[in-house]
Each structure stands twice: as structure tokens, then as C-alpha cells.
Amino acid sequence: MTAKIAYDEVETGTELPAQSFPVTRATLVRYAGASGDFNPIHWNEKFAKEVGLPDVIAHGMFTMAEAIRVVTDWAGDPAAVVEYGVRFTKPVVVPNDADGALVEVSAKVAAKLEDGLVRVDLTATSAGQKVLGMSRAVVRLA
């Protein structure tokens, strides 16, 4: 597969379609099983509060993975992402109810680089707070 978006068709400032990702306690249990990260702050409310957290929190790597979906869906090929990094700024707090939390992600082309590469800057928030900082991806377009 290759990216479906052509380098010549994007400009600095091009906005990618924003997406929202629901996160429930069941989501966290499935992620823990898939990743092998069974840290109790991600599933045990009592433990999370005992260590000073407001409640159970989503795995940082899960949040990071959900955010990059905005870029991979836009590009049309996950392998088009050649570099990706974030800073974890706030946790995604996941209450024990039917709704859980919502991670909202927007992104835009911040720079056109050489060789068909673009830098995409992402913004990820939950409950009105930025949960990822310095979230950037370098993507090879068609």
C-alpha cells in the first residue's frame, strides 16, 4: 500500500478530518490484554486513587495510538507514517460509567518537507484538556 494523498495536493495549513475516540473501562481492559500492560492504574479505581490519580486513566500508548489514526486514515496507509512522537501532558481519566471518556483529535499539515514528506501536527484533548503535547508525525505522501 501507499498513501492515497498526493504531496502536490496538500499545502501547509491543510486540515485533516478530525475524529473522536470513545474510551471505556472495557476498552482499557482489551488494550491491557493486547499490550501486556496490566498496571492497576488503568483498571483498578481504588488503586488509582490511592496513588493520587483522580480515577482510572487510559494507557498513554493507547492514547497515542488512537491519535495517530487521524493521520493514517487521512493518508490511507499506516506505513506512510515514517516518524511519530508525542509528550504526555495530562492523563485521560476514564470514569466507570457507560460513556467513559472521549479523546478528540484534530490535525493539520504544519510543513511540507523534501522527498514527498509532510509534517503533521496533532492536537488531542479529553475533557477540555490537552492530553498530548508536541504531537507530530512525518508522513510520506504519494
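What you see is a predicted model, and the numbers here were worked out from it, not measured in a lab.
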query = Among pairs that include at least one residue of residues 116-128, which meet side-chain hydrogen bond (donor to acceptor under 3.5 Å, both in side chains), considering only residues two or more places apart or in two chains?
reply = Arg119-Asp121
ask   = Hey, mind stepping through Thr72 and Val81 against side-chain contact (heavy atoms from CB on, under 4.5 Å) and telling me if it holds?
value = CA-CA 7 Å; Thr72 59; Val81 176; 3.9 Å; yes
query = Excluding sequence neighbours, so at least two apart, what forms salt bridge (Lys or Arg N to Asp or Glu O under 4.0 Å) with Glu104?
reply = none
task = Could you list all the ring-ring contact (aromatic ring centres under 6.0 Å, His included) pairs where at least one residue sits in residues 27-47, not counting sequence neighbours?
result = Tyr31-His59, Tyr31-Phe62, His42-His59
request  = Can you sort out the partners of Asp115 under side-chain contact (heavy atoms from CB on, under 4.5 Å), two or more places apart, ordered by chain and number?
outcome  = Arg140
message = Any side-chain to backbone donor/acceptor pair from Thr89 onto Val131? Under 3.5 Å, distance only.
response = yes
key: Pair Val139-Val71, side-chain contact (heavy atoms from CB on, under 4.5 Å): steps then yes or no   = CA-CA 8 Å; Val139 183; Val71 177; 3.5 Å; yes
inquiry  = Using a 3.5 Å distance criterion without hydrogens, assess whether the side chain of Arg25 forms a donor-acceptor pair with backbone atoms of Val94.
reply    = yes
key: Shared hydrophobic cluster, Met61 / Ile57 (ILVMFWY, side-chain heavy atoms < 4.5 Å)   = no
request  = List for me each residue that meets side-chain hydrogen bond (donor to acceptor under 3.5 Å, both in side chains) alongside Asp37, sequence neighbours excluded, and say none if there are none.
outcome  = none
message = A side-chain contact here means heavy atoms from C-beta on lying under 4.5 Å apart; do Leu122 and Val105 qualify?
response = yes
Within-4.5 Å side-chain heavy-atom neighbours: Val120 and Leu16 = yes
ask   = Is there a path from Val93 to Phe21 through hydrophobic residues (I, L, V, M, F, W, Y) whose side chains come within less than 4.5 Å of each other?
value = no
query = How close do Leu141 and Ala3 get, heavy atom to heavy atom, and via which atoms?
reply = CA-CB, 3.9 Å
ask   = When clusters are formed from ILVMFWY side-chain contacts under 4.5 Å, directly or step by step, what else is grouped with Met134?
value = none
query = What's the shortest heavy-atom distance between Val10 and Lys112, and which atoms?
reply = O-NZ, 2.8 Å
ask   = Linking Ile, Leu, Val, Met, Phe, Trp and Tyr through side-chain heavy atoms less than 4.5 Å apart, which residues share a cluster with Val29?
value = none
note = Sequence neighbours excluded, the answer for salt bridge (Lys or Arg N to Asp or Glu O under 4.0 Å) partners of Lys49 is Glu45
request  = Decide if atom NZ of Lys108 counts as having more than 12 heavy atoms of other residues, nucleotides or ligands within a radius under 6.0 Å.
outcome  = no
inquiry  = Applying side-chain hydrogen bond (donor to acceptor under 3.5 Å, both in side chains) as the test, list every pair that has at least one member in residues 1-16; sequence neighbours left out.
reply    = none
inquiry  = Could you list the cluster mates of Leu117? Members are the ILVMFWY residues connected by side-chain heavy atoms closer than 4.5 Å, either directly or through other members.
reply    = Val82, Leu113, Val138
message = What's the separation between atom CD1 in Ile68 and atom OG1 in Thr63, rounded to the nearest 0.5 Å?
response = 13.5 Å
remark   = Residues passing the side-chain hydrogen bond (donor to acceptor under 3.5 Å, both in side chains) test with Glu83, sequence neighbours excluded, are none
query = Do you reckon Val118 sits in the same ILVMFWY cluster as Ile5, going by side-chain contacts under 4.5 Å, direct or chained?
reply = yes
key: Check: Tyr84 side chain, Met64 main-chain N or O, donor-acceptor pair, under 3.5 Å   = yes
message = Working note: Leu102 + Val23, criterion side-chain contact (heavy atoms from CB on, under 4.5 Å); need CA distance, chi angles, decisive distance, verdict.
response = CA-CA 6 Å; Leu102 193 64; Val23 185; over 6 Å; no
message = Could you see if Ile41 belongs to whatever hydrophobic cluster contains Leu28? Use Ile, Leu, Val, Met, Phe, Trp, Tyr and a side-chain cutoff under 4.5 Å.
response = no
task = Taking salt bridge (Lys or Arg N to Asp or Glu O under 4.0 Å) as the test, write out the residues that go with Arg30, two or more places apart.
result = none
request  = Measure across Pro17 and Trp74 and return the closest heavy-atom pair with its distance rounded to 0.1 Å.
outcome  = CD-CD1, 4.0 Å
task = Looking only at non-hydrogen atoms, find the nearest pair between Ala80 and Ala75 and report the distance.
result = CB-CB, 4.2 Å
